[in-house]
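Down below is the structure, laid out as structure tokens.
Side-chain atoms are counted along with the backbone in the values below, which use heavy atoms only and exclude waters and symmetry mates.
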Amino acid sequence: MYRFVIIALAQVGVFAVMAAKPGMPYIKMEDLEGVINPEKSQWQSIDEHSEFIMVDDLPITKSEGTRILNGGNEETGGAYDASNPYSVQPFIRGMTEYDAYAQAWRVLGFMIDCNTLADDDGSNDSGDNDAGCARYILWAAYVDLEYEGGGTGEYQYWNRTTKAWDDTSCYFANNQGSRCAKMDCHLENTHFSLLGFFKHRDAQDWMGQLFKHEGYCVWSQEEYAFMTTVQNAWPEGCVYSGSYTKKGEVLFYAIKPMKMGRITIALYLDNQCVEEYSSKPKEVENIIGNILLYGGSGDNSGDNNYYYDFSGESLAQSLDRWDNAFEAWLICQPCVAYDLKNMYSNSYYGNGRDLGDYYYNSFTCYDAAGYNDVNQCMKFSAKTTMKTATFRDLALGRTQNTLNEYTLAGYSYTHGEFIRSKVGNFLTYSFFIIITYLCCYSICFVRRSVKDTDYDLNEVKDVLVDHQHRMSENLQTMHGQTRQYVENISAKGERRE
């Protein structure tokens, strides 16, 4: 049985989660003393394996905890107070028990929310960027509780090209003494533990932080050139297209979340961008062109294209190129930016400031912003408007069928239950289909028999009546014979006495 404690801090809009899985880095039940009484709490059931309780009226988090970036003080995504367990958030000052190299993350996908209660994109205006139902990007953070201090070289990484695990980095750690664990938080049976779920409404802001840091080192030069060219061309909000349908209906366009964490651009019939008209790239391009390369509501003036020419591509080709590059973030990535191609780097030398540990001098990521080995998860927290995603957000994404596989990886293992349900559903529907077929066949057979035969019902009736009479006579004869047999047996018994 899995149990959640959903802690709602209305004052600061923070949510935290506690899980009853051994060894998980969450709030413990003893932390709740003085706030609720666990023995008298009313657990509410989500399903047969999960329960939750709501906890309200918790103390307000103190506004403390800063870090120095770029020569000045910049607030992080939260703060830590040793006397208040509810102030704990990942990736910030105070979470010293988790080494930065032990943390990982991955994109879960995108989702649409038409019931946002507040302005959570970090802006103070109510312009076109807020038009329509909000599109959010969701991601999850993890920690490796078995981390041994080997840095980037303690892990092997999934190679998108070969579709296999690449353990090259393991040979450069501790004289090849690395445990060489898999960076596998995207798999259901991962050894990573879940830290939390997060969301961003301003996807372009989120992409900007990712692309110039970890993206610069993970992608190939061509992938980076393309992604930075089109990153700001994605439509912001629900945008008027200037075109109409054949029936005279106004067309709008917006980001459309797709299966397995992907996105595309779709045409809509309403100004909330919910009622879809078409998402086929060819039809969309006929109406608004390839806006990823030739304009849109965003800004696609990428200046890092390294002389690559993408101008001849169709919208479908651009979307495919985007999906192939963005796939890197749908699999598990370390929070600390890395560069597997940079095997013999020296962190004392580089083109910018070094935020990493000099001990980890292999696979250093010298990113486009001038940082070395930056903590990408911290950048999401400190440099963007990051909100904690709730179970409602995950439920929306799941209902819309837009999230990546194994959403609860690192928390629960449900593969066996899923397989059992899948087999059970298959057998149920198979049985239903077979019974339906037999029923239909029987009806058709009866109708055909009635149609093809020309029996006289009176004759059939006479035959049945005659058969019944003969059966009755036979039964009477058998009854008489049985009674005579019993009497004979009884008579023999009396004579013997």
Side-chain angles (χ1 to χ4, degrees), residues 67-70 74-78 89-93 95 98-109 137-144 147 151-155 157-158 160 169 183-186 192 194-200 202-220 223-224 227-228 231 261 325-342 345 347 350-357 360 363-389 404 410:
R67 68 185 304 277
I68 298 177
L69 282 177
N70 204 16
E74 299 175 352
E75 293 187 0
T76 66
Q89 296 184 55
F91 328 125
I92 60 174
R93 179 183 173 190
M95 296 292 285
Y98 301 135
D99 192 290
Y101 285 88
Q103 298 180 34
W105 71 281
R106 66 163 177 146
V107 170
L108 296 179
I137 183 168
L138 302 175
W139 62 280
Y142 306 85
V143 62
D144 181 6
Y147 177 69
T152 304
E154 187 166 329
Y155 299 96
Y157 302 84
W158 183 254
R160 292 182 292 131
S169 55
M183 183 65 63
D184 63 356
C185 62
H186 60 288
F192 280 85
L194 181 64
L195 273 176
F197 301 111
F198 304 94
K199 65 179 181 179
H200 301 255
D202 190 343
Q204 292 185 356
D205 188 29
W206 179 88
M207 292 175 187
Q209 288 299 317
L210 172 61
F211 291 8
K212 67 183 178 182
H213 295 302
E214 195 161 10
Y216 182 81
C217 295
V218 170
W219 281 325
S220 67
E223 286 176 328
Y224 177 76
M227 298 298 274
T228 53
Q231 75 176 69
F326 197 78
E327 181 188 9
W329 317 119
L330 298 176
I331 59 178
C332 191
Q333 295 290 352
C335 281
V336 177
Y338 67 107
D339 186 353
L340 293 182
K341 301 181 295 295
N342 194 13
S345 62
S347 58
N351 59 354
R353 294 150 292 182
D354 192 342
L355 299 181
D357 191 324
Y360 306 116
F363 313 108
T364 295
C365 171
Y366 301 110
D367 64 34
Y371 287 92
N372 303 343
D373 296 336
V374 71
N375 188 324
Q376 185 65 66
C377 300
M378 178 278 297
K379 284 293 184 180
F380 290 150
S381 175
K383 289 292 192 174
T384 69
T385 303
M386 184 182 81
K387 300 293 183 179
T388 305
N404 204 351

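Close placement of the W139 and F380 rings is indicated, their centers lying within 6.0 Å of each other.
Contact between V336 and D373 at its shortest, heavy atoms only, is CG1-O, 3.7 Å. Residues D339 and C217 approach most closely at OD1-O, 3.7 Å, considering heavy atoms. Contact between A325 and W219 at its shortest, heavy atoms only, is O-NE1, 2.8 Å. Looking at every heavy atom in both residues, A104 comes nearest to C332 through CB-SG, 3.7 Å. Smallest separation of non-hydrogen atoms from A368 and Y224: CB-OH, 3.4 Å. Contact detail for V374 and D367: the closest heavy-atom pair is CG1-OD2, 3.7 Å.
Side-chain atoms of Q376 and W329 include no donor-acceptor pair closer than 3.5 Å.
Residues S169 and L340 have side chains in contact (heavy-atom distance under 4.5 Å, counting atoms from C-beta outward). A 4.5 Å side-chain heavy-atom check between N404 and H186 finds every atom pair outside the cut-off. No side-chain heavy atom of E154 sits under 4.5 Å from any side-chain heavy atom of Y101. Looking only at side-chain heavy atoms (C-beta outward), H200 and Q209 stay at 4.5 Å or farther from each other. In this structure, N375 and C335 have side chains that are in contact, with non-hydrogen atoms separated by less than 4.5 Å.
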task: Take M227 and F326 through the test side-chain contact (heavy atoms from CB on, under 4.5 Å) and record every step on the way to the result.
output: CA-CA 9 Å; M227 298 298 274; F326 197 78; 4.3 Å; yes

task: Starting from the C-alpha separation in whole Å, work towards a yes-or-no answer on side-chain contact (heavy atoms from CB on, under 4.5 Å) for L195 and Y142.
output: CA-CA 5 Å; L195 273 176; Y142 306 85; 5.8 Å; no

field: Residues M183, F192; criterion side-chain contact (heavy atoms from CB on, under 4.5 Å); working and verdict
entry: CA-CA 8 Å; M183 183 65 63; F192 280 85; 3.7 Å; yes

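With Y338 as the fixed residue, the ring pair (Phe, Tyr, Trp, His ring centres under 6.0 Å) test singles out one of F363, Y155, Y157, Y216: Y157.
Rounded to the nearest 0.5 angstrom, K199 NZ and T385 OG1 are separated by 12.0 Å. Here CD1 of I137 is found 11.0 Å from CG of D202. Values are rounded to the nearest 0.5 Å. Interatomic distance, R106 CZ to D184 CG, rounded to the nearest 0.5 Å: 10.5 Å. Between N372 atom CG and H213 atom NE2 the span is 11.5 Å, to the nearest 0.5 Å. Remark: Q231 CD to W206 CH2 distance equals 11.0 Å, nearest 0.5 Å. Here the CD-CZ distance, from Q204 to F211, works out to 10.0 Å after rounding to the nearest 0.5 Å.
Checking side-chain atoms of K341 against main-chain N and O of S220 turns up no donor-acceptor pair under 3.5 Å.
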